[in-house]
Protein chains: 2
Amino acid sequence: MTTKKVGTRGRPRSFDPAAAVETAQTLFQQRGYDGVGVADIGKALGITPPSFYNAFGSKAALFAQVLDSYTAGYGRFVPEALEGPGDSADAVDRLLAEAACRYATKDGIAGCLVIDGVRNSSDAEALAMIVRHKAASRDMLKARFAREHPEKADGLASIVITALNGLSASARDGASEAELMLSAKAFARAFREETRASGGPRVRVL
Amino acid sequence: MTTKKVGTRGRPRSFDPAAAVETAQTLFQQRGYDGVGVADIGKALGITPPSFYNAFGSKAALFAQVLDSYTAGYGRFVPEALEGPGDSADAVDRLLAEAACRYATKDGIAGCLVIDGVRNSSDAEALAMIVRHKAASRDMLKARFAREHPEKADGLASIVITALNGLSASARDGASEAELMLSAKAFARAFREETRASGGPRVRVL
DNA sequence: CAATTTCTATAGTGATCGCTATATAAGTCG
DNA sequence: CGACTTATATAGCGATCACTATAGAAATTG
């Protein structure tokens, strides 16, 4: 009896659903949506299928909870980096550097759940959820860049998303934090150039 | 009887194995290794499981053939871009631009099979093959960059790999060729800066 | 022709997938 | 206490996974 809410009738839960969401997040991030079975989650939580379905409804519904929790918790660094001091290029520099730190392998977890959690999945429901989350992230980036570069906000968002995609993929392939940071810094400089350029980069090599 | 080799005894094949490898490549690229079943391939080829196993041995063995064919054919653009005229930065500019073109969705296919074909897969054998192919690609990049930048060849390879990873991932997420090209050009400029820089970028904004 | 070789289809292996029908255990409430 | 409510476990659903045992069909060879 992990949860103990007074005034509730019926047999109490033998596990904490919030902790279960965290456990599931870890599993989904390690193996991807399709790579984790309901049986795996059940084993990790010490529960059997009926308890799982009574608590979460379905594997997809649990994944939705995991994604919401992920975005609201771990994923906060994105809006935080974007809304910090300085211009768009400063924000992107913070964002990519932070991503390089966070995406690097820690406790068997690497990369971003939203970016890579359902890659190659054949589950339409899970794919649709991720599409929504990615669209929301793109809108967030675009809105930030549009404040200074309304004309090319969309292109700038594409560059940042592709950079984040690359960092997450390399992290999942085992890249070290130092390796990721090198790419992050290079891409951040590329972004800064892009915010300046009309045609090519207006810089002069010394 | 697609194949007709004279002098062979026994019942002839009802399908062309080389064409089958191409068909399988398409399927693997569309849905990933785990997303394609032997039954799917059989249906696409109009054959039943015994014919499949008689010809290829196993799903993993077919995938190995697909990867070899992919690297030897489609994947030639990588060494070709690297060995063209100019310095490393010129080579990377060609490489990333070519990748942007090729990775963009065409006939339902997007991204790179080596980069994303087994992402989130739970098949150890297929994963091991991809690890080998990725290592070979990294070595190729590193060797090219080491000719001009022996000290930082490894870091430069990391940047290019992360850029390619990003382009492939964004392509699989549906990015247009124009979008990918914008990122490719930005990353190529970042790479050029990196080949010049010791500390930060030695440029002056005009 | 018959013998040999090779590929073919039908059917089914055991394992795993997400999910559930049934019954029981473990609580609160009157 | 009994009535009620909720969560639990055992067992199994149909579907799909990679793969195979068996036997027959289609070619070359003597």
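Protein chains get the first letters and strands the later ones, always in sequence-line order, with residue 1 at the start of each.
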C/dT20 phosphate, OP1 or OP2, under 4.0 Å from A/Tyr53 side-chain N/O: no
Qualifying residues under side chain to side chain donor-acceptor pair (under 3.5 Å), relative to B/Glu83, sequence neighbours excluded: B/Arg147
Atom pairs under 3.5 Å, N or O on each side, protein against nucleotides 14-16 of chain D: can you list them with distances?
none

side-chain contact (heavy atoms from CB on, under 4.5 Å) against B/Lys43, all qualifying residues, sequence neighbours excluded: none
Aromatic ring pairing A/Tyr74/A/Phe77, orientation class (parallel under 30°, perpendicular over 60°, tilted between): perpendicular
Candidate pair A/Arg138 and B/Glu179, rule salt bridge (charged side-chain N to carboxylate O under 4.0 Å, His left out), full reasoning: CA-CA 13 Å; A/Arg138 170 177 277 270; B/Glu179 240 180 300; 2.7 Å; yes
side-chain hydrogen bond (donor to acceptor under 3.5 Å, both in side chains) partners of residues 96-121 of chain A, not counting sequence neighbours, each pair once: A/Asp34-A/Ser121, A/Glu98-A/Arg102, A/Asp116-A/Arg119, A/Asp116-A/Ser168, A/Arg119-B/Asp173, A/Asn120-B/Arg172
Strand contacts (DNA chain C) in residues 22-45 of chain B, 4.0 angstrom heavy-atom criterion: none
Under 4.0 Å protein heavy-atom contact, by nucleotide of nucleotides 4-15 of chain C - B base, S sugar-phosphate only: SBBBSBB-----
Neighbour count >12 (heavy atoms, 6.0 Å) for atom NZ, A/Lys134: yes
Check against salt bridge (charged side-chain N to carboxylate O under 4.0 Å, His left out), A/Asp123 and A/Lys59: CA-CA 11 Å; A/Asp123 188 289; A/Lys59 183 186 171 186; over 6 Å; no
A/Arg189/B/Glu194 ion pair, N-O < 4.0 Å: yes
Heavy atoms of other groups near B/Glu148 CD, more than 12 under 6.0 Å: yes
Proximity of B/Phe191 and B/Phe145 rings by center, below 6.0 Å: yes
